[in-house]
Amino acid sequence: MTPRYEPHEIEAKWQRVWEDERAFNVPNPVPGAPTAANHWYQLEMLPYPSGPSLHMGHVLNYTMGDVQTHVRRRSGWHVVRPMGWDAFGLPAENAAIREGRHPRETIERNIETMRAQMKRLGWAIDWEREVAAHQPTFYRWTQWLFQQFVAHDLCYRREGPVNWCPNDRTVIANEYVVDGRCERCGAEVELRNMTQWYMRTTAYADELLEYDLPEGGFWPERTKAIQRNWIGRSEGAEILFQVEETGEDLAVFTTRADTLFGATFFVLAPEHPFVESHASDEAREYARHAGARPVEERAAGTTKTGVFTGFHAVNPVNGERLPIWVADYVLMDYGTGAIMAVPAHDERDGEFAEAFTLPTTVVIDEDGKLVNSGRFDGLPAAEGAQAIVAALEAEGRGKATVHYRLRDWSVSRQRYWGCPIPFIHCERCGVVPVPEDQLPVILPDIEDYAPKGKPPLAQDEEYMNVDCPQCGGAAQRDPDTMDTFVDSSWYFLRYIDSHNDEAPFDRFVVDYWLPVSQYIGGVDHSTGHLLYSRFFVKALNDWGMLGFREPFARMFHQGWVTLGGTKMSKTKGNVEGPDAVTDAYGADAVRLYILFMGPADQDMEWTPDGVEGIVRFLRRVWRVVHEVAERSPNDGVREGPLARKANETIARVTDDVLRRFQFHTPIAALMELLNELSGATDAPDARFAAETAVSLIQPYAPHVAEELWTVLGHERLWEAPWPEADESQLVRETFELVVQVNGKVRDRFEVDVSLSEEELVARARTSERVRSYLDGGEPRKTIVVPKKLVNFVV
RNA sequence: GCCGAAGUGGCGGAACUGGCAGACGCGCCGGACUCAAAAUCCGGUGGCCUUCGGGCCGUGUGGGUUCGAUUCCCACCUUCGGCACCA
């Protein structure tokens, strides 16, 4: 009599066992002692504990990581799989504001519930490595690293235009402004001039375009393309034009030096300093109005506007006088804020020339060769550009340069819930680091942490007023906190050595585990978190703190789990957690179902409708395995049709998970195996098939698998070796020969694999059905694909 | 405009290296069990035609390469993502 499948009892039981056994805790290697060569660092992006529950997107992500972890572990890999909390930052703080509580309270409660949900889903996580960004033991080292960046001139303060979110009342990074709006709250951002801390990401602009990955490393093309677009490297030349009336030089940046002879006028951005210092009253007036408009608005204008400044620039290549205009289609923050205008070969210059009836000179013909370009005539455009730049360079009037779209990362935030910036402002000594032995600078508990436009910490006098560490005089702390992406730029390093209180991490253990073998997370972090983390690792490598230059060897982006067509997220309020389905059917069903919904890298609309199919499957597994345990002889027969199917399934599941990183097709393969097994539970090889099925299901549904493993008389499946396909069983004695006539299938039948090509053709010709198509004649041509088909061409 | 990804039954999707299109599941249809229902089990399920043997069509569109194309090449359409008055 088969007992009922009671997922809740089984799941609670095995989760207790794993915890007592410390089944998924993994020690670090010790210097001098032998280390396992086969190591794997499995990492998924850590969650913001901003909501009171995980959503199905998290469930997808972490279950994928879990399957990978189990299969690797059982295949003999040394696998570390940690977890932590992105506890600082806007999402967490805004959640606390909504609830009217202190962020620490809200966040720590959310962490509790999310951790409980994770444990309830049975994920194999090494909880002893857990970190949270808001713990002083963590942010002490965030502060220490920040000071290192400053010491290495990769972090600095300057005044400049920043993106101000009027709703969140703080500066936000370029990377998190989407279509001119705050990525978090959707409010339109304003430009403000402020003095801020910046990370010098541009110092690594070129290197961030290269992916120096270890063997087996892989980043999706689209992620690289997104980062490439964001960095926006553009090769060109800087060329000096002399202002005829004043003799001073104005530099332009161009990617089309080949069109230099086609320049007919010259344009400055409204913010260009020459405009304010020299231009006519009318031009200055225009510049003041035009420059104040945001870039998006300037771009939206259909007709070009501009004003002549009254000055002329001399084209260094032919001495031509070009009128200098000021126009808002030229931007101050790209290139030099000045352009040579070539209306014949640049669409925008063309529009401008038309609007103000300026002349046009064609300098590239239909064959892509230079014309009207003096001694450069006849050169192909690309060569012409090089030759012209070389000629200018010889005269000191130009040089080849590279420009980037990437800007340095602004990291100061005028909010409370973040890592305090460990610097002190002293009137006499300037900006002074807090001495290392005084770290961490503890985030004080203040009553009123609400954003007011001024940093909340500025109001806490006890916090703000300190003695200068250098001169001992009265000084003030930096009232800002750090962007939460500073925390997440190095958390994956801290996991490896999370209890270290002498250093952020020990190089030996970090060099052992990293780069992260497989990182799983959203593609939306391509230009932010992923880029920042790569920047951090390159810098730390340059300082000798670690021995690699890329943090993540393999990158995988899961698709969005959507509800009502949009991505599940706290801010959009369309969140569906795992609890309802877990309550109804158990964790194993949730895990299988979210992975069975479709390819993990594609978006999927959440609906609990199809979960029935998975529940049916689990009940079927339960019943069939019990039946086999009762009826099938336990004599270890590993041959026969079921054994063959089992071996094929081993090969498919293993290849899909380890090589193809595909998680839904293994479930289909297991269903096929179960379908065959369910009709023959008393076959001699049924027991082997059932054992294989249970063993292969374990990464997906570890609880029921563990239970059924004991039903089959075994123990400790979580550490049992991953099954290996018996190659001899994969070799077939017969195969189904497909016979085509003119590429169309006309017959198919089983034949012996040992048949030669000639014998296959002979067998194919005996087929009645094929003969009727051959019409008694000889085929013009016969194609034989060994072990597959014969094709007659008539 | 530039860069990148993707288009397959009613639905989610499979087919990895050019070789049987639609695995597996959902849904639907029929049957068994039942007083009945649920659950479970068995069978069917791309479209059109059929003398019930089978035939023709079919993977966004149009071409091409090939004995053979969902797969490779060219052009185009659509959708999604990134960048964008970026010189």
Side-chain angles (χ1 to χ4, degrees), chain A residues 178 220-234 236-237 252-257 259 263 267 269 295-296 298-302 304 327-331 333-342 345-349 351-352 403-405 523-524 526-527 557 592-593 596-599 601-605 607 609-614 616-617 619-620 623 652 655-656 659-660 662 664-675 678-679 736-748 769 772 779-794:
Chain A
V178 179
E221 187 50 42
R222 73 167 161 156
T223 320
K224 294 200 266 188
I226 290 170
Q227 295 196 338
R228 225 183 295 126
N229 285 340
W230 185 257
I231 293 165
R233 179 190 159 98
S234 125
V252 301
F253 174 70
T254 179
T255 55
R256 296 293 308 274
T259 64
V267 190
V295 175
E296 285 76 23
R298 280 158 68 163
T302 42
K304 296 270 178 292
D328 68 357
Y329 80 94
V330 176
L331 307 175
D333 63 358
Y334 186 80
T336 61
I339 62 158
M340 62 178 210
V342 185
H345 304 290
D346 182 282
E347 206 182 325
R348 297 146 305 172
D349 296 344
E351 286 169 22
F352 193 85
H403 276 258
Y404 300 91
R405 219 192 63 90
V523 71
D524 54 336
S526 297
T527 59
H557 301 296
L592 273 167
Y593 182 52
F596 190 58
M597 280 185 72
D601 57 355
Q602 276 173 42
D603 295 355
M604 50 190 98
E605 172 72 10
T607 154
D609 292 350
V611 74
E612 295 289 345
I614 285 295
R616 272 201 277 272
F617 170 62
R619 290 201 193 117
R620 210 159 137 89
R623 198 197 68 224
R652 271 179 72 183
D655 189 54
D656 280 355
R659 182 180 65 85
R660 299 180 68 198
Q662 187 165 291
H664 61 312
T665 43
I667 301 174
L670 284 161
M671 286 172 168
E672 278 183 54
L673 175 58
L674 244 289
N675 288 346
S678 70
E736 194 180 49
L737 179 72
V738 171
V739 186
Q740 300 179 331
V741 179
N742 288 337
K744 291 197 173 175
V745 181
R746 292 308 178 186
D747 204 358
R748 58 189 85 171
R769 306 198 41 225
S772 70
R780 244 182 338 123
K781 196 172 174 185
T782 303
I783 308 280
V784 181
V785 182
K787 291 189 184 172
K788 282 209 175 100
L789 61 77
V790 172
N791 185 16
F792 296 113
V793 186
V794 294

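Below, each value reflects all heavy atoms present in this structure, side chains not excepted, and no hydrogens, waters or symmetry copies. Within every chain, numbering begins at 1; the chains are lettered A, B, ... in the order of the sequence lines, protein sequences first and strands thereafter.
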Given B:G68, B:C83, B:A87, the nucleotide with the shortest approach to the side chain of A:Y334
B:A87
Counting only side-chain nitrogens and oxygens, does A:R623 get under 4.0 Å of the OP1 or OP2 atom of B:C41?
yes
Rounding to an integer number of angstrom, what distance separates B:A32 and B:U17 when you compare their P atoms?
47 Å
Below the 4.0 Å mark, does B:G25 have OP1 or OP2 next to a side-chain nitrogen or oxygen of A:N675?
yes
State whether A:R616 places a side-chain N or O below 4.0 Å from either non-bridging phosphate oxygen (OP1 or OP2) of B:G27.
yes
Just checking A:E347: does its CD atom have more than 12 heavy atoms from other residues, nucleotides or ligands closer to it than 6.0 angstrom?
no
With syn defined as a glycosidic angle within 90° of 0 and anti as the rest, where does B:G82 land?
anti
If you look at every strand shown and take non-hydrogen atoms under 4.0 Å, does A:G613 touch a base, only sugar-phosphate, or nothing?
sugar-phosphate
Report yes if at least one side-chain N or O of A:K744 is closer than 4.0 Å to OP1 or OP2 of B:G54; otherwise report no.
no
Ignoring backbone atoms, establish whether A:R769 has a side-chain N or O less than 4.0 Å from OP1 or OP2 of B:G55.
yes
Please determine if a side-chain N or O atom of A:R660 lies less than 4.0 Å away from the OP1 or OP2 oxygen of B:A15.
yes
On the nucleotide B:G55, are OP1 or OP2 found under 4.0 Å from the side-chain N or O atoms that A:R746 carries?
yes
From A:T223, A:D524, A:D601, residue fulfilling side chain to side chain donor-acceptor pair (under 3.5 Å) relative to A:H557
A:T223
Distance below 4.0 Å between A:H664 side-chain N/O and B:A14 OP1 or OP2
yes
For side-chain contact (heavy atoms from CB on, under 4.5 Å), just list the numbers for A:F792 and A:N742, CA-CA rounded to whole Å, side-chain angles, deciding distance to a tenth of an Å, and then say yes or no.
CA-CA 6 Å; A:F792 296 113; A:N742 288 337; over 6 Å; no
Flag for A:N229-A:R405: side-chain donor and acceptor within less than 3.5 Å:
no
A:Y593 has an atom OH; how far is it from atom C1' of B:G12, in whole Å?
8 Å
State the syn/anti category of B:G53 according to its glycosidic angle, syn meaning within 90° of 0.
syn
